[in-house]
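Right, one structure below, let's go through it.
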Protein chains: 2
Amino acid sequence: MSAPVKTRLPAAARRASIVDAAVELFSQRGFRGTTTRELAAACNISEPVLYQHFETKRILYEAILEAKREQDHRPGMEESLRAAAGTDDSQRFFGLLAAALLDWYVQDPRYVRLLMFAALEGHELSDLFFQRTVAGFYELVTGHIQRQIAAGRFRPVDPLVAARTFAGMLAHHGTIYSIYCPGHLCAGKEDIVSTAVDIFLKGIASNE
Amino acid sequence: MSAPVKTRLPAAARRASIVDAAVELFSQRGFRGTTTRELAAACNISEPVLYQHFETKRILYEAILEAKREQDHRPGMEESLRAAAGTDDSQRFFGLLAAALLDWYVQDPRYVRLLMFAALEGHELSDLFFQRTVAGFYELVTGHIQRQIAAGRFRPVDPLVAARTFAGMLAHHGTIYSIYCPGHLCAGKEDIVSTAVDIFLKGIASNE
DNA sequence: TCGCTAACCTAGTGAACACTAGGTTAGCAG
DNA sequence: CTGCTAACCTAGTGTTCACTAGGTTAGCGA
């Protein structure tokens, strides 16, 4: 046992502990499948304490989604991806991209499940999430593919179809990891990334 | 307006109409997000009628999942896939596979969403579904890949990694179609299939 | 036309839910 | 040690849920 659980926490710490428990429970049972009673029990507090930090259950849910959206907005990563996309080093660009994609799923499957619940339930913050994060992602990839096609290095394919096809190669492994086989990839991350990137780049290269 | 809605239906027809409405509602709002009141209203009946056909809401849900599982078990399709997998015509095998995969998603997105809800909620019938349908699928694909590697036509890659990578190429398009962009693929089914198959086969081919 | 039965309804039940009014206490400042 | 306040609690509220007891009617066979 680590430090004995302090029963009375300052507001910020209590709020954080609620968010953490909520991520865990919402990701396992979904929004509707989680009761405020369970939520309170998981934090070793009573229900009214929840409501001192979040006006409603839905506001707690939205706070989590919003926090995740901000956490995913990593200017450093985005910048290095954008830089790599601008070069002709497709191997490096798609390598970075694939690793970032797979990492996104593997890093915290709870959030992946949370976002899938949100997407299925048609939550508006899910739309926002996918519009900003995913749309920017595809813009980058289709741009790179388009330039490589123009330069004659890639075969002439529909860039969006190709981009989604590539994303799917990694997303599928990630989905299996976070939903169907919790915590288990069928190979090392590096192996999956290099296999996918190799197949994609050899497959899309023009027959010189 | 088609035929005027007969208010009083024989048992079999009423049961079918309930299942149909339930597939629609469960796929949109999930199991917990759908109330028996809504369900009854969607069928223009009262709640007790539901319970004359299905003992509980959960039994109705399971009846739908079970029906879908049986519907997906298509001996004809399975046989022709198995036959193609046994040959060395990878182009044909992966073409058939890709078309079947994408069709599975596009044919009725309601069921796709239903199964995703079930998977997220950890329903045991979802496990059963994926064990039977998906496991058999991967067995077929890894077998073919393994043989092609042994014959020197494919590069030596991990067959399961490659199989999942291929499945992901199409599953991702299907997922986007059924969840994020309802009813809209970014290209024709044939274009997506041929792009994915071309990239995969060129990408996995050994450098002769 | 009449009677029978399958199909359907009204009008509830207790339980579980999100949320709250109002009181209690831990623990720090002085 | 005392008093103050942020943190927490007990004990509910009204609402909505899945589900039901018991009665009504459509519509077909004879």
Side-chain angles (χ1 to χ4, degrees), chain A residues 3-65 114 117-118 121 123-125, chain B residues 3-65 114 117-118 121 123-125:
Chain A
V5 185
K6 260 187 74 176
T7 53
R8 202 165 275 220
L9 292 181
R14 178 57 73 204
R15 189 183 162 95
S17 94
I18 292 172
V19 166
D20 197 58
V23 168
E24 185 68 30
L25 286 176
F26 285 155
S27 78
Q28 279 174 14
R29 315 195 221 273
F31 176 70
R32 288 189 237 247
T34 303
T35 70
T36 52
R37 180 176 303 209
E38 288 172 324
L39 220 36
C43 302
N44 290 312
I45 56 176
S46 62
E47 290 179 81
V49 178
L50 292 179
Y51 289 93
Q52 280 168 6
H53 294 277
F54 302 95
E55 289 176 38
T56 66
K57 185 184 166 190
R58 173 151 287 265
I59 284 175
L60 165 58
Y61 186 57
E62 287 168 359
I64 291 172
L65 290 183
L114 212 59
F117 265 120
E121 288 173 350
H123 196 287
E124 54 179 4
L125 276 179
Chain B
V5 185
K6 260 186 73 175
T7 53
R8 203 165 272 221
L9 293 181
R14 179 55 75 201
R15 190 183 161 94
S17 94
I18 292 172
V19 165
D20 197 57
V23 168
E24 185 69 28
L25 286 175
F26 284 154
S27 77
Q28 278 173 15
R29 313 195 221 273
F31 176 71
R32 288 189 234 250
T34 304
T35 69
T36 51
R37 179 176 305 206
E38 288 172 324
L39 221 35
C43 302
N44 289 312
I45 57 175
S46 62
E47 290 179 81
V49 179
L50 293 181
Y51 289 93
Q52 281 169 5
H53 294 277
F54 302 93
E55 289 177 36
T56 66
K57 186 184 166 191
R58 172 150 288 267
I59 284 176
L60 165 57
Y61 187 57
E62 287 168 0
I64 292 172
L65 291 184
L114 213 59
F117 265 120
E121 288 173 349
H123 196 287
E124 54 178 5
L125 276 180

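Quick caveat: nothing in here was measured; it's all calculated off a predicted structure. No hydrogens, no waters, no symmetry mates; every other heavy atom, side chains included, goes into these values. All chains are named by letter (A, B, ...) in the order of the sequence lines, taking the proteins before the strands, and each is independently numbered beginning at 1.
- For K57(B) (side chain) and F31(B) (main-chain N/O), a donor-acceptor pair under 3.5 Å exists by modelled atom type.
- Checking the phosphate oxygens (OP1, OP2) of dA6(D), no side-chain nitrogen or oxygen of R14(A) falls inside 4.0 Å.
- Once rounded to the nearest 0.5 Å, the distance linking CZ of F26(A) with CG of L60(A) reads 5.0 Å.
- Across all their heavy atoms, A21(B) and A42(B) have their closest contact at CB-CB, 4.1 Å.
- Atom NE2 of H53(A) and atom C1' of dC19(C) are 16 Å apart (whole Å).
- In this structure, CG of L39(A) is placed 16 Å from C1' of dC8(D), rounded to the nearest angstrom.
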Under 3.5 Å between N/O atoms: give me all the protein pairs with nucleotides 12-19 of chain D, atom names plus distance.
| from | atom 1 | to | atom 2 | distance (Å) |
| --- | --- | --- | --- | --- |
| dA18(D) | OP1 | T34(B) | O | 3.2 |
| dA18(D) | OP1 | K57(B) | NZ | 2.7 |
| dA18(D) | OP2 | T36(B) | N | 2.8 |
| dA18(D) | OP2 | T36(B) | OG1 | 3.0 |
| dC19(D) | OP2 | Y51(B) | OH | 3.2 |
| dC19(D) | OP2 | K57(B) | N | 2.7 |
| dC19(D) | N4 | E47(B) | OE1 | 3.4 |
| dC19(D) | N4 | E47(B) | OE2 | 3.3 |

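- Between I18(A) and C43(A), the closest heavy-atom pair is CA-SG, 3.8 Å.
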N/O donor-acceptor pairs under 3.5 Å from side chains in residues 45-56 of chain B, not counting sequence neighbours:
| from | atom 1 | to | atom 2 | distance (Å) |
| --- | --- | --- | --- | --- |
| E47(B) | OE1 | T36(B) | OG1 | 2.7 |
| T56(B) | OG1 | R58(B) | N | 3.4 |
| T56(B) | OG1 | I59(B) | N | 3.1 |

All N/O pairs under 3.5 Å across the protein-nucleotides 2-4 of chain C interface:
none

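- Atom P of nucleotide dC8(C) and atom CG of L9(B) are separated by 6 Å, given to the nearest angstrom.
- In this structure S27(B) satisfies the side-chain hydrogen bond (donor to acceptor under 3.5 Å, both in side chains) test with no other residue, sequence neighbours excluded.
- For A13(B), the side-chain contact (heavy atoms from CB on, under 4.5 Å) partners at least two apart in sequence or on another chain are L9(B), P10(B).
- Residues satisfying the ring-ring contact (aromatic ring centres under 6.0 Å, His included) test with F117(B), not counting sequence neighbours, are none.
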Nucleotide N/O to protein N/O under 3.5 Å, stretch nucleotides 21-25 of chain D:
| from | atom 1 | to | atom 2 | distance (Å) |
| --- | --- | --- | --- | --- |
| dT25(D) | O2 | R8(B) | NH1 | 3.0 |

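- Annotation: salt bridge (Lys or Arg N to Asp or Glu O under 4.0 Å) contacts involving residues 17-37 of chain A, sequence neighbours excluded, comprise D20(A)-R110(A), E24(A)-R110(A), R29(A)-E38(A).
- Under the side-chain contact (heavy atoms from CB on, under 4.5 Å) criterion, A41(B) pairs with no residue at all, not counting sequence neighbours.
- Residue L50(A) is out of contact with every strand shown, counting any heavy-atom pair closer than 4.0 Å.
- The side-chain heavy atoms of I64(B) and V19(B), taken from C-beta on, include a pair separated by under 4.5 Å.
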